[in-house]
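Report on the following structure.
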Amino acid sequence: MTTSELLKQAREYEKKRISEISPEERPTYHVTGGAGWINDPNGFSYYKGQYHLFYQYYPYANEWGPMHWGHVVSRDLIKWERRPAAMAPDQEYDNAGCFSGSALELADGRHLLMYTGVRKVIEEDGSRRDHQTQCMAFGDGTDYEKYENNPVITADSVPEGGSRVDFRDPKIWQEEDGTFYAVASNANAEGNSSILLYKSQDALHWEFCSVIDSSCKKLGWMWECPDFFPLDNKQVLVVSPMEMMPEGLKFHVGHGTIYLTGTYDKNSHAFTREDVQPLDSGIDFYAPQTMKAPDGRRIMIAWMQAWSNSKFVPDGVKYFGQMTVPRELTLKDNRLIQKPVREIEAYRSNRVCHEKVKITEETSLEGVSGRVIDMTVKLKADDNFRDFSMKVAQNEDYYTSVSYDIHRKVLCVDRSHSGYLYDIMHRREISVEPVDGMITLRCLMDRFSLEIFINGGRQTASFTLYTPQNAEGITFAAEGEAEISVEKYTLSF
């Protein structure tokens, strides 16, 4: 395969920069870029016995730039091995960036990448605009060559009024009859976003099928990074809306991620929406992508960062951006249940357990501390306390607080003292109802992050942290008397 000079340059640069970043400066089991900036996960797929994950990547600085694709692989979704950068913006049709996309294995053994190519175009009025089209590349799991007849889908195929500028993020899959399908996001001048469905018999020649769903000028503007899949006898559409307005404690302001559940008629390609819910209620979660594992599990991973905070890069860091832990998805009572992939349990050690401990003033429990841990806290939801709080990543100066108000039934995560020294959003409130008289919080920590799986994964909340690593204390406190049980594991790699 021919490797362009731009891609060679990116590979050489990231190799040099990787050698300058110590393992202690990275999380232990969360994906980061080789160097520079990352955002959306791309091409999440299983190919030749390994899980492959690509990502939006600008290796040359800790800020968004002309997008490349970075690349890692894993055999268990927990320990990842870095591969050289897979794509650079080196063609006329993608010279402004290789934007987000997806991947699958073809019957002939090739790995197919489908992505959005962005090119600069001079309009009739003399203005310069980015035009977006859908493109292909084929490879062997390390090296990829772009299709000679790219792009394969242009904006000529979008419904009347659709945008050439905002037409991106294809998610491809193949049905049992061999037909390829892909969804992509499109917008129009009125501020409405639609998810478009395309089909193909060979993955190269595509025709427009239908509009799956539209924002209808509600729930944000552009619906980015669509994903569309069946799960437990329902159909799920995941999108990441830009510029959402808040709705109570359900939807929060800014760039968020939501999922729509309903039914799908494969003959008419019609999706009937039944419900809309937030996918993650933390501050740092965007652009998730799912794949179907060989054992049938639907697994999701997301960018663990917020666009609103992304310009505020902490001082001294040598890379910026990370992914969430991969999560197994199921559907119960029309609600997505998210749990960390079960493979993480193989890395647990040093179990510590405390049963039915009464908490009043700030208390530490023997053996309960650390920054790379898997800890579950079960709180009895009764009238003996008003507010329960837990501080993690704590020392004399720093901590992140997780509290529950029993009367308001609100979980609050506050990272104002987490070491992120910018005036940005640090506090998030989430409506959480007890389940069987309990509030259950499974907390995964990995040096620079906190992911909370609430009540068995019925809700989740993801946060980045920049607290110094020597801040590893964990304490509990209550207004009144709270009863908790704690099970904590060290995660060792």
Side-chain angles (χ1 to χ4, degrees), residues 1-14 31 33-45 47 52-61 63-73 82-104 110-121 129-155 164-172 182-186 203-204 206 222 224-226 240 286-287 289 303 321 323:
M1 293 184 184
T2 303
T3 303
S4 71
E5 288 303 314
L6 275 179
L7 184 55
K8 287 179 182 177
Q9 177 183 325
R11 287 179 166 186
E12 290 170 1
Y13 184 83
E14 71 172 354
V31 172
W37 161 284
I38 68 170
N39 56 286
D40 307 354
N42 298 152
F44 192 29
S45 55
Y47 176 69
H52 287 251
L53 178 67
F54 304 82
Y55 46 83
Q56 292 287 274
Y57 187 34
Y58 185 59
Y60 303 109
E63 61 186 26
W64 191 92
M67 286 289 97
H68 299 55
W69 273 35
H71 187 193
V72 291
V73 298
R82 205 169 297 284
R83 291 276 172 92
M87 288 195 292
D90 51 19
Q91 302 297 319
E92 183 273 335
Y93 51 79
D94 63 15
N95 57 25
C98 300
F99 277 18
S100 290
S102 49
L104 53 73
R110 291 180 299 166
H111 202 200
L112 178 152
L113 311 183
M114 187 176 190
Y115 71 101
T116 296
V118 186
R119 67 187 179 101
K120 296 287 185 183
V121 175
R129 301 293 297 276
D130 288 348
H131 280 200
Q132 300 180 351
T133 57
Q134 315 319 317
C135 304
M136 295 293 189
F138 302 90
D140 59 6
T142 299
D143 296 306
Y144 294 83
E145 189 162 353
K146 294 173 183 176
Y147 178 48
E148 60 184 3
N149 292 320
N150 275 337
V152 297
I153 307 177
T154 70
R164 293 178 177 272
V165 175
D166 292 300
F167 176 41
R168 56 183 176 267
D169 308 338
K171 177 64 191 296
I172 189 172
V183 286
S185 181
N186 190 245
L204 298 175
W206 294 84
M222 182 70 175
E224 294 193 299
C225 301
S240 292
Y286 197 72
Q289 187 167 107
W303 180 40
M323 301 300 173

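Note: hydrogens, waters and symmetry copies are ignored here, and every other heavy atom, side chains too, is used. Count residues from 1 along the sequence.
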> Stepwise, does the side-chain contact (heavy atoms from CB on, under 4.5 Å) test hold for M323 with F44?
Replying inline: CA-CA 12 Å; M323 301 300 173; F44 192 29; over 6 Å; no
Heavy-atom distance under 4.5 Å between the side chains of [X] and [Y], does that happen here?
X    : Y    : result
M136 : N150 : yes
P170 : T116 : yes
H68  : P89  : yes

Between [X] and [Y], is there a donor-acceptor pair closer than 3.5 Å when you use the side chain of the first and the backbone of the second?
X    : Y    : value
H131 : R129 : no
Q289 : P226 : no
Q132 : V165 : yes
Y55  : G33  : no
E14  : P84  : no
Q134 : F167 : yes
R83  : G141 : yes
T133 : T154 : no

> Can the positive tip of R168 be found less than 6.0 Å from the middle of the six-membered ring of F99, inside 45° of the ring normal?
Replying inline: no
>> Could you go through Y144 and H71, starting from their C-alpha distance and side-chain angles, then the distance that decides it, and tell me whether this counts as side-chain contact (heavy atoms from CB on, under 4.5 Å)?
In response: CA-CA 11 Å; Y144 294 83; H71 187 193; 4.0 Å; yes
> What is the minimum heavy-atom distance between Y93 and P151, and which atoms define it?
Replying inline: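 Between these two residues, the closest heavy atoms are CB-CD, 4.4 Å.
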> Which atom pair, heavy atoms only, marks the closest approach of A86 to L7?
Replying inline: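 That closest heavy-atom pairing would be O-CD2, 3.7 Å.
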Roughly how far, to the nearest 0.5 Å, is [atom2] of [Y] from [atom1] of [X]?
X    : Y    : atom1 : atom2 : result
Q9   : Y60  : CD    : OH    : 3.5 Å
K8   : D90  : NZ    : CG    : 11.5 Å
E5   : E12  : CD    : CD    : 8.0 Å
K146 : S4   : NZ    : OG    : 6.5 Å
S45  : I172 : OG    : CD1   : 11.0 Å
E145 : T2   : CD    : OG1   : 5.0 Å

> Could you go step by step and tell me if C225 and D40 meet the side-chain contact (heavy atoms from CB on, under 4.5 Å) rule?
Replying inline: CA-CA 8 Å; C225 301; D40 307 354; 3.3 Å; yes
>> Ring-plane angle category for H111 and F54, please: parallel below 30°, perpendicular beyond 60°, tilted otherwise.
In response: tilted
>> Assess whether a salt bridge exists between R11 and D143, defined as any Lys/Arg side-chain N lying under 4.0 Å from an Asp/Glu carboxylate O.
In response: yes
> Hey, are R119 and D130 close enough for a salt bridge, meaning a charged N less than 4.0 Å from a carboxylate O?
Replying inline: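 No salt bridge links R119 with D130.
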> Hey, mind stepping through Y58 and W64 against side-chain contact (heavy atoms from CB on, under 4.5 Å) and telling me if it holds?
Replying inline: CA-CA 6 Å; Y58 185 59; W64 191 92; over 6 Å; no
>> With side-chain contact (heavy atoms from CB on, under 4.5 Å) as the test, pick out the partner of Y115 among N42, D94, D169.
In response: D94
